[in-house]
There are 2 protein chains.
Amino acid sequence: MSLKLAMLGFIDMMPMSGYDLKKYFDSSVQFYWAATHSQIYRTLREMEQENLLTVEIINQTEFPNKKVYQITDKGKQTLTKWIMQSPELPPVRHKLLVQLSWSDRLKTEDIIKLLEAYSEQIQNRLDIYNSAQQTSIAELGRTKRERLLWRALQDNGITAYNAELDWARRTIEKLKKH
Amino acid sequence: MSLKLAMLGFIDMMPMSGYDLKKYFDSSVQFYWAATHSQIYRTLREMEQENLLTVEIINQTEFPNKKVYQITDKGKQTLTKWIMQSPELPPVRHKLLVQLSWSDRLKTEDIIKLLEAYSEQIQNRLDIYNSAQQTSIAELGRTKRERLLWRALQDNGITAYNAELDWARRTIEKLKKH
DNA sequence: ATATACTAGTACACATGTATACTAGTTAAT
DNA sequence: ATTAACTAGTATACATGTGTACTAGTATAT
């Protein structure tokens with residue numbers, strides 16, 4: 001449902017192809033709702049069958065032909081309905097925590113190495129979030145309030161990853177003191 | 001893989017049935033790696049075929065018969081290998097953020113209601129994390145260091161949800177000032 | 001007396017996500 | 001001259017996760 005929601009939102013901004021959608025996903029929502037191209041093309045076909053979208057085949061000479069999807073009235077109504085759905089807690093799938101659960105069989109230094117490697121990954125992600133490019137995406141919002149919202153989405157990632165980084169450092173300290 | 005890792009870890013503590021496993025999942029790892037009973041029973045069969053586990057059917061008179069699974073040597077080796085795997089960033093599937101992405105079509109008060117409903121969910125989750133029951137689970141660790149680790153897992157959840165709660169409140173304030 | 005919850009599983013169907021291979025022309029780089 | 005990257009999609013297999021129905025006996029509650 002959320003994949004369809006995200007896709008509908010983009011297509012509502014502007015009619016576009018699956019190929020375009022994939023690029024928009026990768027440059028914006030990727031960090032809180034990633035999608036592969038297989039998923040996107042499959043879901044476009046589904047949404048067309050559900051009459052949320054209509055297709056038009058655009059013939060191109062220099063490039064392969066493309067299918068441009070447009071949102072229908074039913075699609076717009078569905079979009080609004082989904083946006084207002086009561087929010088749920090994001091499901092967590094935290095592999096590192098599972099690893100740590102059973103890591104008592106490792107040497108303390110190896111547990112610390114796990115946490116340090118993890119911290120590095122987080123730091124890389126934070127670097128991307130703080131990059132000028134990410135910031136400028138939020139400024140593409142169509143209204144002042146939409147820009148405020150998009151900045152809040154970016155803030156969410158930065159806040160969450162900073163908390164995670166703090167936690168990793170605290171945990172490393174506790175292991176060292178132990 | 002992580003499901004198998006989590007299951008192997010439990011069975012390595014003590015031979016047990018799928019039914020037992022489900023209960024352990026629900027009372028401990030559930031918040032960072034949830035599993036349904038369908039998934040657990042299916043995966044037990046797979047792991048037996050891969051020679052990570054052996055089964056023994058225990059006949060019971062007052063209850064249905066049960067299948068008790070035990071870890072093999074290969075299972076123990078695999079467990080250690082998986083624990084040491086280089087950590088990855090947890091994939092994020094944050095539906096609320098997708099909703100907020102396209103929420104500019106709502107009234108500001110309705111966006112705030114979304115964020116408030118979300119905060120409530122987080123608060124509920126935090127209450128569970130802070131409950132005496134959750135705390136005592138960490139104290140069941142078999143060694144001092146394992147207890148330290150299990151407390152760190154609990155700390156991870158508390159830290160992450162507090163950060164999320166702070167973010168939601170900040171975002172509500174920004175929307176109100178707007 | 002009846003309904004509910006617990007124990008312990010099997011069997012499916014379906015939804016969602018991932019990974020690759022394939023086609024096929026165009027442009028840019030080494 | 002050849003390789004790589006870009007555009008735009010199809011096809012398919014597989015992995016993972018969710019939901020529900022079914023069996024069947026025991027214990028507890030109303």
Side-chain angles (χ1 to χ4, degrees), chain A residues 1-7 10-11 15-27 29-50 53 55-69 82 88-95 98, chain B residues 1-7 10-11 15-27 29-50 53 55-69 82 88-95 98:
Chain A
M1 202 96 309
S2 291
L3 175 60
K4 290 184 180 176
L5 166 56
M7 289 170 62
F10 280 118
I11 296 172
M16 60 178 83
S17 66
Y19 191 82
D20 295 330
L21 263 175
K22 172 62 174 157
K23 285 200 287 188
Y24 278 104
F25 265 78
D26 289 350
S27 67
V29 296
Q30 129 195 73
F31 290 143
Y32 51 90
W33 207 283
T36 62
H37 86 278
S38 321
Q39 241 182 315
I40 288 173
Y41 285 117
R42 182 211 290 159
T43 306
L44 280 171
R45 284 178 227 127
E46 283 172 25
M47 289 202 289
E48 198 218 330
Q49 291 234 321
E50 296 162 30
L53 300 177
V55 215
E56 200 189 339
I57 294 167
I58 305 290
N59 294 305
Q60 300 184 121
T61 51
E62 315 224 318
F63 297 121
N65 298 343
K66 64 176 172 180
K67 294 178 170 181
V68 171
Y69 290 85
W82 284 344
E88 296 151 35
L89 288 190
V92 179
R93 297 261 145 196
H94 206 318
K95 187 177 170 186
V98 180
Chain B
M1 202 94 312
S2 291
L3 175 60
K4 291 186 181 175
L5 166 58
M7 288 171 64
F10 279 119
I11 296 172
M16 60 178 82
S17 66
Y19 191 82
D20 295 329
L21 264 175
K22 173 61 174 156
K23 284 200 289 187
Y24 278 104
F25 265 78
D26 289 350
S27 67
V29 296
Q30 134 197 65
F31 290 143
Y32 50 90
W33 207 282
T36 62
H37 85 279
S38 320
Q39 240 182 318
I40 288 173
Y41 285 117
R42 181 212 289 160
T43 307
L44 280 171
R45 284 177 227 125
E46 284 172 25
M47 289 203 288
E48 198 217 328
Q49 290 232 321
E50 297 163 28
L53 300 176
V55 215
E56 200 188 341
I57 295 168
I58 305 290
N59 293 303
Q60 300 184 122
T61 52
E62 315 224 318
F63 297 121
N65 297 343
K66 64 178 173 179
K67 293 179 169 181
V68 172
Y69 289 85
W82 284 344
E88 296 151 35
L89 287 192
V92 178
R93 298 263 143 195
H94 207 317
K95 187 176 169 186
V98 180

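Order of the sequence lines fixes the chain letters, A, B, ..., with proteins taken first and strands second; residue numbering starts at 1 for each chain. The shown structure was predicted, so the numbers you read here are calculated from the model rather than taken from an experiment.
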Closest approach of A:Val98 and B:Tyr32, non-hydrogen atoms and distance? N-CE1, 3.9 Å
Rounded to the nearest 0.5 Å, what separates atom [atom1] in [X] from atom [atom2] in [Y]?
{"X": "B:Arg42", "Y": "B:Leu44", "atom1": "CZ", "atom2": "CG", "value": "11.5 Å"}
{"X": "A:Met7", "Y": "A:Trp33", "atom1": "CE", "atom2": "CH2", "value": "13.0 Å"}
{"X": "A:Glu48", "Y": "A:Tyr69", "atom1": "CD", "atom2": "OH", "value": "6.0 Å"}

Any side-chain N or O of [X] less than 4.0 Å from the OP1 or OP2 oxygen of [N]?
{"X": "B:Arg42", "N": "D:dG17", "result": "no"}
{"X": "B:Lys23", "N": "C:dT7", "result": "yes"}
{"X": "A:Ser17", "N": "D:dG9", "result": "yes"}
{"X": "A:Lys67", "N": "D:dT10", "result": "yes"}
{"X": "A:Thr36", "N": "C:dA19", "result": "no"}
{"X": "B:Tyr41", "N": "C:dT10", "result": "no"}

Starting at the 5' end of DNA chain C and moving along, which residue's nearest nucleotide shows up first, B:Arg93 or B:Gln60? B:Gln60
Toward the 5' end of DNA chain C, by each residue's nearest nucleotide, A:Ala35 or A:Pro64: A:Ala35
Send over the distance from [X] [atom1] to [N] [atom2], rounded to a whole Å.
{"X": "B:Phe63", "N": "D:dA27", "atom1": "CZ", "atom2": "P", "answer": "7 Å"}
{"X": "B:Tyr19", "N": "D:dG25", "atom1": "OH", "atom2": "P", "answer": "17 Å"}
{"X": "A:Lys4", "N": "C:dG17", "atom1": "NZ", "atom2": "P", "answer": "11 Å"}
{"X": "B:Ile57", "N": "C:dT10", "atom1": "CD1", "atom2": "C1'", "answer": "13 Å"}
{"X": "A:Lys22", "N": "C:dA19", "atom1": "NZ", "atom2": "C1'", "answer": "12 Å"}
{"X": "A:Leu44", "N": "D:dG9", "atom1": "CG", "atom2": "C1'", "answer": "11 Å"}
{"X": "B:Asn59", "N": "C:dT7", "atom1": "CG", "atom2": "P", "answer": "19 Å"}
{"X": "A:Glu56", "N": "D:dA8", "atom1": "CD", "atom2": "C1'", "answer": "16 Å"}

Kindly indicate whether the side chain of B:His37 and the base of D:dT18 share any N or O donor-acceptor pair separated by less than 3.5 Å? no
Can you find an N or O donor on one side and an acceptor on the other, under 3.5 Å apart, linking the side chain of B:Ser38 with the base of D:dG19? yes
May I ask you to say what B:Gln39 touches in the nucleic acid, namely base, sugar-phosphate or nothing, with a heavy-atom cut-off under 4.0 Å? base
Which part of the nucleic acid does A:Met16 contact within heavy-atom distance under 4.0 Å: base, sugar-phosphate only, or nothing? nothing
Tell me if a side-chain donor or acceptor on B:Asp20 pairs with a main-chain N or O of B:Ser17 at a distance below 3.5 Å. yes
Okay, side chain of A:Lys22, backbone of A:Ser38: is any donor-acceptor separation there less than 3.5 Å? no
Nearest-nucleotide check on DNA chain D, A:Arg45 vs A:Pro91; residue mapping nearer the 5' end is A:Arg45
